[in-house]
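Single-structure report; data block below.
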Amino acid sequence: IDGIVLEWWKFTSEGVRQQWTDTFKGIAMKYWKETGNFPNVVLDLTVEKTDNDILISWKILKTGLNIPEEVLDLNTDIVNYPDLLLRDEPIWFTLLDNEGLRQICPFFLLRQFI
């Protein structure tokens with residue numbers, strides 16, 4: 001993990017835990033307790049903005065016991081950008097699995113990307 005993902009790990013963990021790696025491990029342990037598997041790890045992301053839409057692309061490491069490491073590319077659904085401008089509150093996002101459990105990913109402030 002490096003670049004923007006590492007930067008946001010440090011930023012969102014400041015004042016919450018002593019080190020960003022404590023948050024990283026805490027998410028992994030909670031996920032393991034609930035599912036018996038290791039969560040996906042976000043390695044990188046890009047946010048592409050057009051006049052009307054935002055697309056978030058994730059680079060994800062999928063790994064676990066007896067599972068070979070695999071790097072996947074995942075894209076979110078396209079989000080309508082003008083709709084986001086109607087909100088006064090900041091919009092934070094992270095990566096969840098299909099059951100709504102958080103993956104190993106920091107929270108990102110959308111405003112920093114658009």
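None of these values were measured; they are calculated from a predicted model.
- In this structure a side-chain-to-backbone donor-acceptor pair under 3.5 Å is missing from Arg87 to Pro90.
- Taking 4.5 Å as the limit, every side-chain heavy atom of Phe24 sits out of range of all side-chain heavy atoms of Met29.
- When side chains are defined from C-beta on, Leu45 does not count as touching Lys59, because their heavy atoms never get closer than 4.5 Å.
- The distance from atom OG1 of Thr94 to atom CH2 of Trp92, rounded to the nearest 0.5 Å, is 11.0 Å.
- Atom CG of residue Asn52 and atom OG1 of residue Thr50 lie 6.0 Å apart, to the nearest 0.5 angstrom.
- In this structure, CG on Asp53 lies 6.0 Å from CG on Asn80, to the nearest 0.5 angstrom.
- Summarising the geometry, atom NZ belonging to Lys30 is positioned 13.0 Å from atom CD1 belonging to Ile104; distances are rounded to the nearest 0.5 Å.
- In this structure, the separation between CZ on Phe107 and CZ on Phe93 is 11.0 Å, given to the nearest 0.5 Å.
- The minimum heavy-atom distance linking Leu43 with Val5 is given by the pair O-CG2, 3.6 Å.
- In this structure the side chain of Trp58 never reaches within 4.5 angstrom of the side chain of Asp73, judged on heavy atoms.
- Note: Ile56 CD1 to Leu110 CG = 6.0 Å, rounded to the nearest 0.5 Å.
- Using a 4.5 Å heavy-atom cutoff, the side chains of Leu101 and Leu96 are not in contact.
- For the pair Thr63/Glu70, no side-chain contact is recorded, criterion being any heavy-atom separation below 4.5 Å from C-beta on.
- Taken together through direct or relayed side-chain contacts under 4.5 Å among Ile, Leu, Val, Met, Phe, Trp and Tyr, Ile4 and Ile91 form part of one hydrophobic cluster.
- When the options Asn40, Ile60, Val42 are evaluated for a side chain to side chain contact (heavy atoms under 4.5 Å, CB included) with Leu74, the one that passes is Ile60.
- No donor-acceptor distance shorter than 3.5 angstrom exists from the side chain of Gln103 to the backbone of Val41, with no hydrogens or angles considered.
- Side-chain contact between Arg102 and Pro39 is absent, with no heavy atoms from C-beta onward closer than 4.5 Å.
- Annotation: Lys49, atom NZ; neighbour count of heavy atoms from other residues, nucleotides and ligands within 6.0 Å is above 12.
- Side-chain atoms of Thr76 do not come within 3.5 Å of backbone N or O of Leu55 as any donor-acceptor pair.
- A continuous path of ILVMFWY side-chain contacts below 4.5 Å connects Val47 to Phe108, so both sit in one hydrophobic cluster.
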